[in-house]
Protein chains: 2
Amino acid sequence: MPKQTFFNLPEQKRNMLLKAAEMEFTRVPFFEASIANIVKTAAISRGSFYQYFEDKDDLYFYLLEDKLKMAKTYFSVLLEKHQGDLIEALIELQNFFLLALSDEEEKQFLKNALLYTTHRVESSFASIWDTYLEQEEFKKVGKLIDQDLLNIHAEKELLHIFKIVSAIAFNNLIEKTAKGLSDEEAIESFKLSMSLLKHGIYNSEVQDK
Amino acid sequence: MPKQTFFNLPEQKRNMLLKAAEMEFTRVPFFEASIANIVKTAAISRGSFYQYFEDKDDLYFYLLEDKLKMAKTYFSVLLEKHQGDLIEALIELQNFFLLALSDEEEKQFLKNALLYTTHRVESSFASIWDTYLEQEEFKKVGKLIDQDLLNIHAEKELLHIFKIVSAIAFNNLIEKTAKGLSDEEAIESFKLSMSLLKHGIYNSEVQDK
DNA sequence: TTGACATATGACACAGTGTCATATATTATT
DNA sequence: AATAATATATGACACTGTGTCATATGTCAA
């Protein structure tokens, strides 16, 4: 988390800095991004930077989480829209990410995030559903999913389903980015994954051994 | 890929260098690892290093792929053992990785790989099944799975299943490492994921809309 | 006006990377 | 055996980057 000093800053200066950071992290992936560049663009001194942030991580994840906030709230909307159908909502959320990847700037930023960062980035993405697993909203949505559509017996399993789909979704984004798939190919791929997940990959005729 | 010069090296020297690299990448994650440390331990000059390798990446992924080779061949054995039952084989393969995570040295190396690296690392892990998708062996194994147990209609879907399970498996390793789960908890979690995947997460009573 | 506190600054010590001119082996050719 | 041609080795060096710190400058309350 940025230090208090950062939040005390006049809004304009704060935005200037964030904008500069965004530019730098769009230009190159995290590990190549240089603080020197950021402070230069933002027209602040190097020393000041360290008054605001612990280090590069601190700034980066603040920025990333901020960008993902929108996705979080959007997912709520989608779940409502699809009457609690998890998979349908997810497919549309994935579409949203793919769309974001169409704006050239956002595209590059996300690409840098997806390809060159790590467990922490993945966690940030996964945290989109964190809210559901803790909050009131979860009960509402959870119940809706639970009773109507899903093949689950305990809350633990629902949590697992979230884990599985987020792993697949994240993977799908990486695949698209790494292999340069088109939006259509990527969403096709995601839909197929979701369909397999929906009905299971084992033939139901053959039962468990 | 390391340069030819590296492969021309006397075996002892080559191993010395690999050993030194392994030590460094066990000590700290990739981005903190320093070439200076490696050449010091290996008792070669800095210049020599760049005769052998393009850069740090080059060495690192050579080392990582090498370590994963074992897993690749092991997976063949497991598939045979479980008569082509993909999921059962996978569960045992996951066990193998978890076991590797018990040797303190290997544990730290893998931890550094899982937490601090990226798409390329994930690709390396996923490449465990690459062989199956290209080679002769695939046909053997593929057919076995295809006809007996899985609910798939085209080869494309089998490829997808590999993608899905590898995403989940990789995720499971990261989860274990990041949250410090015990081997038992991790494998329990993986089994649950696999079970959900097997039978699908949607209730079969309610059919597709 | 003063003092206390918050913020700003850039020079600096340190650590790391990749390169290059030069030195030293090794191997091939006469 | 002498020489040429080729491959390998070396570490100093130019460069880029980080995080810190002593010092300067603002701000606000008493």
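Quick note on labels: first sequence line is chain A, next is B, and so on, each numbered from 1.
- In this structure, A:Ser34 and A:Gly47 both approach DNA chain D, and ranking their closest nucleotides by distance from the 5' end singles out A:Ser34.
- The phosphate of C:dA8 (OP1 or OP2) has no side-chain N or O of A:Tyr50 nearer than 4.0 angstrom.
- Contact detail for B:Lys72 and B:Ile128: the closest heavy-atom pair is CG-CA, 3.6 Å.
- Note on B:Tyr52: only backbone sugar-phosphate atoms sit closer than 4.0 angstrom, heavy atoms only; bases stay farther off.
- The side chain of B:Ser45 contributes no N or O atom lying less than 4.0 Å from OP1 or OP2 of D:dA9.
- At a threshold of 4.0 angstrom between heavy atoms, the contacts of A:Phe31 with the nucleic acid are absent.
- Rounded to whole angstrom, the span from the NZ atom of B:Lys3 across to the P atom of D:dA9 amounts to 12 Å.
- Between A:Lys13 and the phosphate of C:dA8, there is a side-chain N or O to OP1/OP2 separation shorter than 4.0 Å.
- Within 6.0 Å of NZ on A:Lys19 lie no more than 12 heavy atoms contributed by other residues, nucleotides or ligands.
- Ring pair B:Tyr62/B:Phe7 is perpendicular by interplanar angle, where above 60° counts as perpendicular and below 30° as parallel.
- Contact annotation: B:Asn8 does not reach the phosphate of D:dA7 (side-chain N/O to OP1 or OP2, under 4.0 Å).
- Rounded to an integer number of Å, the gap from CZ of B:Arg46 to P of C:dG18 is 7 Å.
- Summarising the geometry, the separation between CZ on B:Phe49 and P on D:dT8 is reported as 17 Å, rounded to the nearest angstrom.
- Put simply, CZ on A:Phe7 is 17 Å from C1' on C:dA6, counting in whole angstrom units.
- Between the P atom of C:dG10 and the CD atom of A:Gln51 lies a distance of 13 Å, rounded to the nearest Å.
- Rounding to whole angstrom units, CZ of residue A:Phe30 and C1' of D:dG17 are separated by 13 Å.
- Counting heavy atoms of neighbouring residues, nucleotides and ligands inside a 6.0 Å radius, atom NZ of A:Lys111 does not exceed 12 of them.
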